[in-house]
Structures are given as structure tokens and as C-alpha cells.
Amino acid sequence: MGQKEQAANALLDFDLLSRLIVGIGEVSEITGVPQRKIRYWEEKGIIQPVKEVEGTTRRYDYINIKKILLIQELLNDGYTLDAAAKKVEDRMENINKVFLELAKKTKTR
DNA sequence: GTTCTCACA
DNA sequence: TGTGAGAA
């Protein structure tokens, strides 16, 4: 596969990923985290699902799903929920920072 | 399918 | 920290 095709696929994947929005049932199914627990984490302010314009059902984008996965891993490693949440929060913030810096320094090509 | 709430460990 | 169950 050539570089052009790879670049095109990367853009496609990113586009799909950024549009991927699913309900709690599917999130629970793919992450293995019970729906009840996902709602519980939201109640504690740890995750912020995106509300649909119409209706009251929770919607989860890929960032939410990623967060749920990461927190679940840390819990399995013995972290408390609060500690796991804070760690995930800090990591994502740092990653965002790095990419923002990178975006500033990178010229359009 | 989804929501909330009360009770419980 | 999380679950069960019922009702809407």
C-alpha cells in the first residue's frame, strides 16, 4: 500500500472514529463494563456522555469509550475509582497538550 | 431499547 | 464501589 492510500485510510478512520456515537448498551457490550456501572461513574462526574439533541438517552463518543476502558484497566490494577479517574484525566490532558504543541509547530503540507 | 430511584452489601 | 429490581 502506498503512502497516499495510507494517508487516505488514516483520514477515513479518523472521520469514522470521530463520528462514532453509540448508546450505553453497545458501549457496555464492547467494553464489558455493566451499564449500571457506567451510569454510576457518570453520577460521580467521572465521565460525560454527550446528550442527544432530541431525547434523554446517553450517547458515547470514542473518547468516552476510551476513558471507560482505561479506567476499568486501572481499577483492575487496584486503583480506587477516584485515583483511576484522576490518572486518566491527567494522561488525556497531557496527550492533548503535546498534540496541540505539535499542531502549532507543524506547517501545512 | 433507555431512564430513574430506592434499597442493599 | 457497585448491584438488583421495579416502574415508567
Side-chain angles (χ1 to χ4, degrees):
Chain A
M1 198 181 283
Q3 285 186 350
K4 283 183 183 175
E5 285 85 353
Q6 284 190 2
N9 281 339
L11 287 176
L12 232 183
D13 286 349
F14 186 80
D15 188 51
L16 283 174
L17 222 51
S18 60
R19 291 174 192 280
L20 208 194
I21 294 179
V22 295
I24 195 171
E26 197 159 356
V27 174
S28 177
E29 190 179 339
I30 64 180
T31 62
V33 180
Q35 303 185 18
R36 196 68 179 70
K37 198 190 302 204
I38 295 175
R39 295 198 193 94
Y40 176 67
W41 290 357
E42 176 191 349
E43 191 183 334
K44 305 276 295 186
I46 288 168
I47 50 179
Q48 307 96 31
V50 299
K51 278 266 185 173
E52 248 180 351
V53 265
E54 200 91 14
T56 60
T57 70
R58 299 165 172 85
R59 292 293 167 182
Y60 299 85
D61 55 21
Y62 81 109
I63 290 181
N64 275 307
I65 297 172
K66 200 159 146 186
K67 223 165 168 180
I68 289 170
L69 250 12
L70 290 173
I71 289 175
Q72 181 65 279
E73 281 184 29
L74 292 179
L75 288 181
N76 289 337
D77 285 347
Y79 284 77
T80 66
L81 183 55
D82 286 340
K86 187 182 188 311
K87 185 156 184 158
V88 168
E89 207 62 41
D90 290 347
R91 285 181 65 191
M92 288 191 144
E93 187 184 332
N94 282 332
I95 290 171
N96 279 340
K97 249 192 195 169
V98 170
F99 276 98
L100 274 177
E101 282 304 309
L102 195 57
K104 279 185 196 170
K105 294 181 180 179
T106 302
K107 296 171 183 171
T108 309
R109 289 172 198 159

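By convention in this document, chain letters (A, B, ...) are assigned in the order of the sequence lines, proteins followed by strands, and residues within each chain are numbered from 1.
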Can you find a pair of side-chain heavy atoms, one from [X] and one from [Y], that are under 4.5 Å apart?
{"X": "A/Val33", "Y": "A/Val27", "answer": "no"}
{"X": "A/Leu69", "Y": "A/Ile65", "answer": "yes"}
{"X": "A/Leu70", "Y": "A/Arg91", "answer": "yes"}
{"X": "A/Lys67", "Y": "A/Gln48", "answer": "yes"}

_Straight-line distance of A/Glu73 CD to A/Leu75 CG, nearest 0.5 Å_ =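 CG of A/Leu75 is found 10.0 Å from CD of A/Glu73.
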*How would nucleotides 1-8 of chain C be written as a contact map, 5' to 3', with B for base contact, S for sugar-phosphate-only contact and - for no contact, using protein heavy atoms under 4.0 Å?*
BBBBB---
_Has A/Ser28 got a side-chain atom pairing as donor or acceptor with A/Ile24's backbone, closer than 3.5 angstrom?_
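No; zero donor-acceptor contacts below 3.5 Å.
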*asked:* Please tell me whether A/Val50 and A/Trp41 are part of a single hydrophobic cluster in this structure, the criterion being side-chain heavy atoms less than 4.5 Å apart.
replied: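 Per the 4.5 Å side-chain linkage, A/Val50 and A/Trp41 are not co-clustered.
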*Of the residues in residues 56-67 of chain A, which ones touch DNA chain B at a heavy-atom distance under 4.0 Å?*
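Contacting residues: A/Thr56, A/Thr57, A/Arg58.
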*Enclosure of A/Tyr79 OH (heavy-atom neighbours >12, cutoff 6.0 Å)*: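 No, the 6.0 Å shell around OH holds no more than 12 heavy atoms from other groups.
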_Assess whether a salt bridge exists between A/Lys104 and A/Glu101, defined as any Lys/Arg side-chain N lying under 4.0 Å from an Asp/Glu carboxylate O._
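Salt bridge present between A/Lys104 and A/Glu101.
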*Is any side-chain N of the basic residue among A/Asp82 and A/Lys86 closer than 4.0 Å to the acidic one's carboxylate O?*
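Result for this pair is no, no salt bridge flagged.
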_I'd like the 5' and 3' limits of the part of DNA chain B contacted by chain A, with heavy-atom contacts below 4.0 Å._
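Endpoints of the contacted stretch of DNA chain B: B/dT2 to B/dC6.
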